[in-house]
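Accompanying notes for the structure given below.
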Amino acid sequence: MQIPGHIDPVTTGTVPLRGGNRVDLVGLTRDGIRAALEEAGLDAKAAKLRSKQIWHWIYHRGVTEFDAMTDIAKAMRPWLTERFIVGRPTVVTAQVSNDGTRKWLLAAADGQEYEMVFIPDADRGTLCVSSQVGCTLNCRFCHTGTMRLVRNLTAGEIVGQVLLARDALGEWPKGTMASAADVDDEDDDAGHYIADGRMLTNIVMMGMGEPLYNFDEVKGALKIVMDGDGLALSKRRITLSTSGVVPMMARAGEEIGVNLAVSLHAVNKEIRDEIVPLNRKYGIEELLAACAAYPGANNARRITFEYVMLKDKNDSDADARELVRLIKQYKLPAKVNLIPFNPWPGAIYECSSPERVRAFSNIIFESGISAPIRTPRGRDIMAACGQLKSAATKPSRAELDRIAEEKQAALG
């Protein structure tokens with residue numbers, strides 16, 4: 001069954017940056033919006049009311065202009081416009097894959113670039129969201145890992161990706177929910193409220209960056225996304241992926257409570273040290289123990305292990321059997337996502353053959369553990385897993401080697 005909703009034509013261009021000295025309300029909590037209104041001069045009672053109304057318009061209705069907030073007095077809308085904005089990332093380029101996957105290259109107010117990807121399926125639509133500009137890690141199979149970390153994205157920039165995706169998918173509710181007493185006469189023709197079906201049903205924090213190295217901003221953003229009076233996406237439909245930042249995993253489970261995915265990719269120290277150098281700081285045993293202790297993990301909410309299939313590196317029958325042994329040793333409620341390697345310019349690995357991937361999957365399935373093979377999506381526009389990277393950065397091989405050495409030194 002197809003997800004209901006409208007997909008707009010994809011456009012490529014630049015959205016003018018707005019704001020100047022005005023405060024962007026996207027990413028602020030309710031209390032943050034109320035405090036911003038009070039600081040701008042509203043009394044406490046009025047600020048509390050207006051913050052509730054503005055929150056609804058931003059996160060439930062997708063409105064970006066105060067003039068469209070029909071239950072706020074017309075005389076007040078210019079006052080808000082002079083002091084605040086409801087921002088969106090600037091779209092630098094937007095692409096559509098032959099398989100329907102969509103990728104946006106976005107720019108922040110300071111010009112820094114990052115990417116997000118929307119993957120439509122028959123029964124769901126998944127938005128892959130970035131948490132950093134670049135990445136502090138150096139996973140060898142990942143294109144983003146060849147970038148230096150420029151900075152963390154703010155909660156507003158993370159939430160802004162979700163808002164922009166809903167804009168592009170045309171799925172905000174239509175019409176007005178304001179009562180007749182609240183709506184000015186000129187707004188009487190705004191139409192009845194219609195809540196369209198959603199195409200964007202799931203979010204994965206698997207874009208550029210390591211989410212647990214930007215914990216506070218990711219937490220703030222996801223709290224807004226999950227808020228029942230706004231975007232209202234269930235925590236069961238949100239997955240946070242980590243390369244294994246062990247000290248933050250328990251906090252993620254306790255304070256955010258979303259599904260956990262772990263970039264495992266190898267079953268022994270030697271290979272994982274190479275593929276995911278963070279393993280030299282937090283080893284496989286420590287990582288799996290943290291998975292076993294992850295709050296809320298059970299058979300209904302299994303931990304996902306991501307495993308990229310690299311030819312003659314981590315794809316043997318022995319590797320599959322060791323993966324099964326580790327999952328059972330730590331009594332993990334888990335499934336394994338097998339990801340055929342997605343090539344990118346300068347990559348040193350090759351993808352395992354389809355026959356090898358199927359054999360690997362069969363061994364895991366026969367042990368009673370789910371091991372689906374992920375179908376590559378968006379390869380033709382470099383939107384597949386491990387391919388995200390700002391197009392503005394094209395370092396030489398020598399520069400890539402220097403970046404890798406710097407990151408490894410930082411890991412200790």
Side-chain angles (χ1 to χ4, degrees), residues 128-153 204-219 239-253 256 258-294 303-310 313-314 319 322-323 326-327 330 332 334 336-337 339 341-342 344 347-349 385-389 400-412:
C128 182
V129 175
S130 291
S131 58
Q132 296 178 312
V133 179
C135 188
T136 190
L137 301 179
N138 188 33
C139 300
R140 297 293 296 278
F141 61 87
C142 180
H143 203 194
T144 312
T146 65
M147 297 177 64
R148 283 193 174 92
L149 175 66
V150 178
R151 67 171 176 84
N152 288 329
L153 293 177
V204 292
M205 295 298 305
M206 296 181 185
M208 294 169 62
E210 165 56 63
L212 294 188
Y213 277 149
N214 187 18
F215 183 85
D216 289 337
E217 298 300 318
V218 167
K219 173 185 172 182
T239 300
L240 184 150
S241 176
T242 178
S243 292
V245 184
V246 169
M248 301 302 296
M249 288 170 59
R251 279 192 65 192
I256 305 176
V258 297
N259 301 317
L260 180 69
V262 174
S263 294
L264 189 62
H265 306 307
V267 294
N268 62 62
K269 174 176 171 54
E270 179 185 2
I271 301 301
R272 194 164 192 267
D273 279 357
E274 174 190 334
I275 298 174
V276 186
L278 184 64
N279 192 69
R280 302 178 192 180
K281 190 168 187 178
Y282 308 114
I284 292 177
E285 294 80 8
E286 190 177 358
L287 173 59
L288 295 180
C291 290
Y294 186 74
I303 292 171
T304 299
F305 288 109
E306 298 164 315
Y307 199 98
V308 64
M309 299 299 294
L310 303 174
K313 180 61 63 174
N314 65 350
D319 289 322
E322 176 64 5
L323 179 54
L326 288 171
I327 290 173
Y330 286 89
L332 296 171
V336 181
N337 269 350
I339 307 168
F341 173 64
N342 296 303
W344 42 268
I348 62 174
Y349 300 111
C385 181
Q387 290 185 323
L388 298 191
K389 180 177 178 180
L400 292 177
D401 290 341
R402 283 196 295 272
I403 292 171
E405 290 173 2
E406 290 172 5
K407 290 183 177 183
Q408 192 54 56
L411 286 175

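Numbers for residues simply follow the sequence, beginning at 1.
- The CG atom of L278 sits 6.5 Å away from the OG atom of S243 when rounded to the nearest 0.5 Å.
- Side-chain contact between Y330 and E285: present, with at least one pair of heavy atoms (C-beta onward) separated by less than 4.5 Å.
- Of the possible donor and acceptor atoms, none in the side chain of N314 sits under 3.5 Å from a partner among the backbone N and O of A266.
- Nearest heavy-atom pair across I327 and A334 is CG2-CB, 4.2 Å.
- Note that the OG1 atom of T136 and the OH atom of Y213 stand 6.5 Å from one another [nearest 0.5 Å].
- Side-chain contact annotation: E210 with T242, donor-acceptor N/O pair under 3.5 Å present.
- With rounding to the nearest 0.5 Å, the separation of CG in L287 from OG in S263 is 9.5 Å.
- Residues D319 and K313 approach most closely at OD2-O, 4.3 Å, considering heavy atoms.
- Residues satisfying the salt bridge (charged side-chain N to carboxylate O under 4.0 Å, His left out) criterion with E286, sequence neighbours excluded, are absent altogether.
- For L310 against I275, the heavy-atom pair with the smallest separation is CD1-CD1, 3.8 Å.
- Residues passing the salt bridge (charged side-chain N to carboxylate O under 4.0 Å, His left out) test with E217: none are found, sequence neighbours excluded.
- Between H265 and R272, every side-chain heavy-atom pair lies at or beyond the 4.5 Å cut-off.
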May I have the step-by-step check of side chain to side chain contact (heavy atoms under 4.5 Å, CB included) for V245 and F215, ending in yes or no?
CA-CA 11 Å; V245 184; F215 183 85; over 6 Å; no
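- Residues M249 and L212 have side chains in contact (heavy-atom distance under 4.5 Å, counting atoms from C-beta outward).
- Residues T304 and N259 are not in side-chain contact: their nearest non-hydrogen atoms beyond the backbone lie 4.5 Å or more apart.
- Contact detail for L153 and S130: the closest heavy-atom pair is CD1-O, 3.4 Å.
- Side-chain atoms of F341 and V308, non-hydrogen and from C-beta on, do get closer than 4.5 Å to each other.
- Rounded to the nearest 0.5 Å, atoms NZ (K219) and CZ (R251) are 6.0 Å apart.
- Using a 4.5 Å cut-off on side-chain heavy atoms (C-beta onward), V258 and T239 make no contact.
- Atom CE of M205 is separated from atom CG of N214 by 8.0 Å, given to the nearest 0.5 angstrom.
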Would you sort out whether F305 and L288 count as a side chain to side chain contact (heavy atoms under 4.5 Å, CB included), showing the intermediate values?
CA-CA 10 Å; F305 288 109; L288 295 180; 3.8 Å; yes
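- Of all heavy-atom pairs spanning P211 and V218, the tightest one is O-CG2, 3.7 Å.
- Atom CG of residue N279 and atom NZ of residue K269 lie 6.0 Å apart, to the nearest 0.5 angstrom.
- In this structure the side chain of L264 reaches within 4.5 angstrom of the side chain of L323, judged on heavy atoms.
- Looking at S241 and V204, their side chains never come closer than 4.5 Å, going by heavy atoms from C-beta outward.
- Minimum interatomic distance between G244 and Y282 (heavy atoms only, all atoms of both residues): O-CD1, 3.4 Å.
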